[in-house]
Amino acid sequence: MKIISSYSIKGGVGKTALAVNLAFAFREAGYRTLLMDLDPQGAASFYFRISGAEKFKMKDTKSVIDGLRRNIRESDFPGLDIIPSNLGYRHFDIQLDAMTKSRKQLRKVLEKFTPDYDVILMDCPPNITLLSENIFRASDAILVPVIPTVLSRRTFEQLLGFFQEEELPSDIIRPFFSMVQKRNKMHREIMVELPPLHPGFLKTTIPFSVDVEKMGIHKMPLLAYSRAGEASRAYRSLCNEILSPRCSEND
Ligand SMILES: Nc1ncnc2c1ncn2[C@@H]1O[C@H](COP(=O)(O)OP(=O)(O)OP(=O)(O)O)[C@@H](O)[C@H]1O
Ligand SMILES: [Mg+2]
């Protein structure tokens with residue numbers, strides 16, 4: 001089983017758009033996929049028309065595992081299950097902090113789902129919190145959307161700095177360019193400068209496209225209703241790149 005997170009310190013960069021489309025693409029590739037919506041905003045759950053999770057007690061590892069298991073929902077697409085968001089997740093950090101080995105708890109919890117899924121994909125809230133640290137330590141790969149702008153680049157570099165400080169393995173960080181506008185000169189320049197500095201950069205780029213914004217109207221992943229558009233092809237290609245031997249060689 002692989003645990004993959006869609007994460008950035010920065011908000012609004014395309015984490016959820018990635019998570020829902022990648023979950024769909026994994027499932028299309030034949031992987032039993034579980035999408036966990038860890039963001040109290042619940043956008044990933046919304047895109048699958050799934051309402052919020054029931055509240056559950058998070059007093060120890062067992063209660064978290066039981067609560068999450070009770071909240072697994074089938075999506076409209078067989079082979080793809082969702083654990084929807086829960087406003088209670090805003091307390092996840094406090095609960096995790098109360099547990100021993102608090103930075104590794106999430107990994108312990110997710111390993112219990114190993115027999116049932118090939119891939120667990122987490123849509124993460126922005127920010128760096130104790131929950132994020134748990135996400136880092138639980139993930140085999142962390143996909144980081146980077147809009148080719150100065151601020152987005154800066155937050156990506158802050159994340160690398162954090163990994164260095166905490167002695168976390170930075171090779172699990174897999175950035176990619178998101179919301180790319182090829183006609184924008186700054187986008188073009190940053191896209192030339194940044195990847196050579198970071199060997200983990202994925203080659204696939206996600207274009208800026210109104211098709212992605214329309215997911216809110218269709219309430220389903222873009223890949224479920226548009227197969228041929230540029231953005232759909234990009235999400236599928238990103239999935240293939242992640243599944244390629246080069247990406248999986250450290251697994
Ligand atoms: N490739 C894209 N082209 C155009 N619009 C996009 C693209 N990706 C995402 N968007 C739009 O940008 C907004 C933010 O995207 P999304 O919710 O995926 O970001 P996020 O990083 O998950 O945000 P948050 O930090 O709030 O969770 C949404 O309105 C979404 O429809
Ligand atoms: Mg989001």
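Atoms within each ligand, like the ligands themselves, are counted from 1 in listed order. Treat the numbers as computed from the prediction; the structure is a model and nothing was measured.
Within 4.0 Å of ligand 1, contacts by protein heavy atoms are made from G11, G12, V13, G14, K15, T16, A17, D39, Q41, P126, M179, I206, P207, F208, S209, V212, E213.
In this pair, F163 and F136 present their aromatic rings tilted. The plane angle is within the 30 to 60° band.
With ring centers used as reference points, F208 lies 6.0 Å or more from H187.
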Go through T16 and D123 one step at a time and tell me if the side-chain hydrogen bond (donor to acceptor under 3.5 Å, both in side chains) criterion holds.
CA-CA 6 Å; T16 300; D123 183 30; 2.8 Å; yes
Between E241 and R174, does a salt bridge (charged side-chain N to carboxylate O under 4.0 Å, His left out) hold up when you go through it step by step?
CA-CA 11 Å; E241 193 178 351; R174 307 304 310 268; 5.2 Å; no
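Taking the charged nitrogens against the carboxylate oxygens, E54 and R73 do have a contact shorter than 4.0 Å, which makes a salt bridge.
With sequence neighbours left out, Y235 forms a ring-ring contact (aromatic ring centres under 6.0 Å, His included) with no residue at all. Remark: F113 engages no residue in a ring-ring contact (aromatic ring centres under 6.0 Å, His included) (not counting sequence neighbours).
Under the side-chain contact (heavy atoms from CB on, under 4.5 Å) rule, F176 has a single partner from V146, L238, V144, which is L238.
Take a cut-off of 2.8 Å around the Mg ion (ligand 2): the protein N, O or S atoms inside it are T16 OG1.
Cation-pi geometry between R27 and F24 is satisfied (NZ or CZ under 6.0 Å from the ring centre, within 45° of the ring normal).
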